[in-house]
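Below is one structure, written out as structure tokens; the observations come after it.
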Amino acid sequence: MRILLVEDEIRMASFIVRGLREEDYVVDVANDGEKALFQAEINPYDLIILDIMLPVKDGITVCRELRSKKINVPILMLTSKDRVRDKVLGLNSGADDYLAKPFAFEELIARISALLRRDKTDKTGIIKVADLELDQLRHAVTRAGNEIQLTSKEFALLEYLMLNATHVVTRTMISEHVWHEDFDSLTNVIDVYMNFLRNKIDKGHKKRLIHTIHGKGYVLKE
Ligand code: CA
């Protein structure tokens, strides 16, 4: 995932860049609004983090111009003040979400992943990985066109794996996101459900999609 960070304060920018790179995002930085527009037009970003107070062109203007050029990349706006007016302006100019400085880095990461997920699935509600399809609206799953019956817990688990496809998800992440609990005792439960899911998704198919990463967790990928 490639992110454009538009931020003129050097310390703030390097703090964000360092954190994002640790999370394995590819990050480019633009330090004024004009450069941001230029970068966003020539590179296919997955997300833009856009400060409002910027030299040359402010964030609101940049956001409006991007949208008027039909560049529909998700935009997360940053501002130093938690002002209702800025928030309204930002969202009206076409931003998808808004974060007030100062913020906790975890909060930024959470917003980013939510926006990236939404961008991947919101148009149709259908998530695809290879020949596996999950329809979030109909709660239906097919592999190679054949419908697969899942319990609601199996469905939630598969949906989480698919939203994070190609990324390793740990048992802790699964327990927090699928079970909404954080018990060590869930480890066995998760493994049991993962086996149920494997039997339904991968059994009888040449290409396995659910992989165990020893000592880490699971990954769903081709
Ligand atoms: Ca600024």
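Order of listing sets the numbers, starting from 1, for every ligand and every atom in it.
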- Message: As a test of reading the structure, name the N/O/S atom of Glu9 that is nearest the Ca ion (ligand 1).
- Response: OE2
- Among Leu4, Leu20, Val29, which residue meets the side chain to side chain contact (heavy atoms under 4.5 Å, CB included) test with Ile49? Leu20
- Message: Test question: given the 4.5 Å side-chain rule for I, L, V, M, F, W and Y, name all other residues clustered with Val219, or answer none.
- Response: Val168, Ile213
- Restricting Asp8 to its N/O/S atoms, the closest one to the Ca ion (ligand 1) is OD1
- the Ca ion (ligand 1) to nearest N/O/S of Met12 below 3.0 Å: no
- The atom name of the N, O or S atom in Asp51 nearest to the Ca ion (ligand 1) is OD2
- Could you give all pairs that pass the side-chain hydrogen bond (donor to acceptor under 3.5 Å, both in side chains) test and reach residues 125-134, with sequence neighbours left out? Asp131-Arg143
- Task: Taking the six-membered ring for Trp and the full ring for Phe, Tyr or His, determine whether the centres of His211 and Tyr218 are under 6.0 Å apart.
- Result: no
